[in-house]
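So the structure is just underneath, and the comments pick up after that.
Labels below follow one simple rule: chain letters A, B, ... track the order of the sequence lines, proteins then strands, and each chain is numbered from 1. No experiment lies behind these values; they were computed from the predicted model shown. Every heavy atom of this structure was used, including side-chain atoms; hydrogens, water molecules and symmetry mates were not.
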2 protein chains.
Amino acid sequence: MKNECLNCACVMKSMQSLKSCQLEQLESNHAVVQFRKGDPIIKQGMFSTNVVFLKSGLVKIHITGPYHEQIVRLAKAPTYLGLPTTIGDKINQYSVTAVQDSEVCFIDLNIFKRVLEENKDFSSHIILELCKSELESYRRCANRTQKQTRGNLADVLLDLSENVFESAEFVLPISQSDIGNLVDASRESVNRLLSELMNDGIIRMEGRKIEILNKSSLQLISQNG
Amino acid sequence: MKNECLNCACVMKSMQSLKSCQLEQLESNHAVVQFRKGDPIIKQGMFSTNVVFLKSGLVKIHITGPYHEQIVRLAKAPTYLGLPTTIGDKINQYSVTAVQDSEVCFIDLNIFKRVLEENKDFSSHIILELCKSELESYRRCANRTQKQTRGNLADVLLDLSENVFESAEFVLPISQSDIGNLVDASRESVNRLLSELMNDGIIRMEGRKIEILNKSSLQLISQNG
DNA sequence: AATATTTTGTGATATGTATCACTTTTTAGA
DNA sequence: TCTAAAAAGTGATACATATCACAAAATATT
């Protein structure tokens, strides 16, 4: 129990810079909670005074758009969740929902802020993380809006395979309608395009189990729409 | 000359927290440069060791997408430019171009970082700014992708009127093809939709001079596509 | 095990926008 | 002031993708 934060610190660069006294501060002011697939972890519009750290699992980050809820991205552990939303104002500006069973650590915001002020390295790391995250969001948006659905779908499959599951074979963690949402397309289009990829022998599908048979083709589609 | 940074500090919340000795540090390590309309201020891919602060003027932030350059947003003074791109790695991750004559202050990155470490309030403000900026980029992306062109165009006009020029009458600072880029539409579509707005008596246009005649209609279009 | 609910699969049709092609107007440069 | 280049205006056509409408399959739920 006592070395939980230490464990996280071994994984996250931003936490490695913490001194043991600071780790203890976090230690005694955090709560680890289990979430089941489908459970909401952060809800947009809700008041929150905790920094949320995803220890294990996979989540979707989604935001209320002008017409419908939109999945911004998937995030896998270990990572902070809702840093910008928590630090900015205390009302969550987006939602986070578990798409796989997840383990989440809630850290008191004031303690977190105090540690942030006490430790320059830590705050540098957090700043760096925020910077990267913003740049990433620019890139993601440029992709979403410029590529057509086929290319974005290929990207999602490649991302799941390469970054999330690190395997050519994996089980889709979200429904086709969620995928549609993630690539700004209708559920039907996603379905049709997946069938197309199957027929072309680029992927194999059995239910939600997917195997990427021809990665280079998929990369080509990602590039050329 | 000597009180230039002080002037900025009067305007920017993040700089108000600076002590006079820290202001002096910035003072002696910055350079103010004038840019003409159309001049590039930050170029994606270039090496940079300066934090860039827009003292006056209006710029467009644009990024290389998979198919073409995309305008992420317009930014008006006073504001930092490319904070995330500069702090993150030193290679600019996006470009900034003046769309009106602008005055820009280049601050040495190391000095900026030192002040960031020395002054907790300052670093808190910067963190806050980065957080807000990331949230804003999520929202912008949700809008871009969910709304159709008519709605996004209405948004641009409203934004220019309300936030940038603070007047119902203003001169478009960018071309129709740039507007198209900003709302993910072709130049032709933008042109047609602008004509439509004119015909419907919602705006008046003479060259690039625009007057919003019916703001509430425009707001309705912004909401309902 | 039976029933309700969600997810998936697929055709037919509608539609917002891109693209092409060309002209006119405006702006910038020599 | 003349000329070249960029920007704006507008029709015709093409196309990716949404939407609608159902059926089949898979998952939850009681």
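Looking at the side chain of B:Thr149, the nearest of the listed nucleotides D:dA8, D:dT19, C:dT17 is C:dT17. In this structure, the nucleotide among C:dT17, D:dA12, D:dT19 sitting nearest to the side chain of B:Arg192 is D:dA12. Here D:dA18 is the nucleotide among C:dG9, C:dG11, D:dA18 with the atom lying nearest to any side-chain atom of A:Ala185. Of the candidate nucleotides D:dT19, C:dT7, D:dA8, D:dT19 has the atom lying nearest to any side-chain atom of A:Glu188. Of the candidate nucleotides C:dG9, D:dT17, D:dT10, D:dT10 has the atom nearest to the side chain of B:Ser195.
Put simply, CD on B:Gln176 is 5 Å from P on D:dG9, counting in whole angstrom units. Rounded to whole Å, the distance from CD1 on B:Ile221 to P on C:dG16 is 14 Å. For the pair A:Asp184 CG and D:dT19 P, the computed distance is 12 Å after rounding to whole Å. Here the P atom of nucleotide C:dT6 and the NZ atom of A:Lys37 are 15 Å apart, to the nearest Å. As rounded to whole Å, 15 Å separates atom P of D:dA26 from atom CG of A:Leu172. Remark: C1' of C:dT10 and CE of A:Met198 are 14 Å apart, rounded to the nearest angstrom. When the P atom of D:dA16 is taken as reference, atom CD of A:Gln146 falls 18 Å away, rounded to whole Å. Residue B:Leu194 contributes atom CG, which lies 14 Å from atom C1' of D:dT10 at whole-angstrom precision.
Within 4.0 Å of A:Asp178, counting heavy atoms only, lies no atom of the nucleic acid at all. Across all strands shown, B:Ser175 has heavy atoms under 4.0 Å from sugar-phosphate atoms exclusively, and none from any base.
A salt bridge links B:Glu162 and B:Lys215; the closest N-O separation between the charged side-chain nitrogens and carboxylate oxygens is under 4.0 Å. B:Lys76 has a carboxylate O that lies under 4.0 Å from a charged side-chain N of B:Glu166, or vice versa, which qualifies the two as a salt bridge.
For A:Arg187 against C:dG9, a side-chain N or O and a base N or O form a donor-acceptor pair under 3.5 Å. At a cut-off of 3.5 angstrom, the base of C:dT6 holds no donor-acceptor pair with the side chain of A:Arg208.
With hydrogens and angles left out, the side-chain atoms of A:Gln70 and A:Asp184 include a donor and acceptor closer than 3.5 Å.
Contact annotation: A:Ser189 side-chain N/O to D:dA18 OP1/OP2 distance is under 4.0 Å. The phosphate of D:dA8 (OP1 or OP2) has no side-chain N or O of B:Asn191 nearer than 4.0 angstrom.
Expressed to the nearest 0.5 Å, how far CE of A:Met12 lies from CD of A:Glu129 amounts to 4.5 Å.
Where A:Gly207 and B:Ser177 each meet DNA chain D at their nearest nucleotide, the meeting point lying more 5' is that of B:Ser177.
Distance alone, capped at 3.5 Å, is enough to place a donor-acceptor pair between the A:Ser195 side chain and the A:Asn191 backbone.
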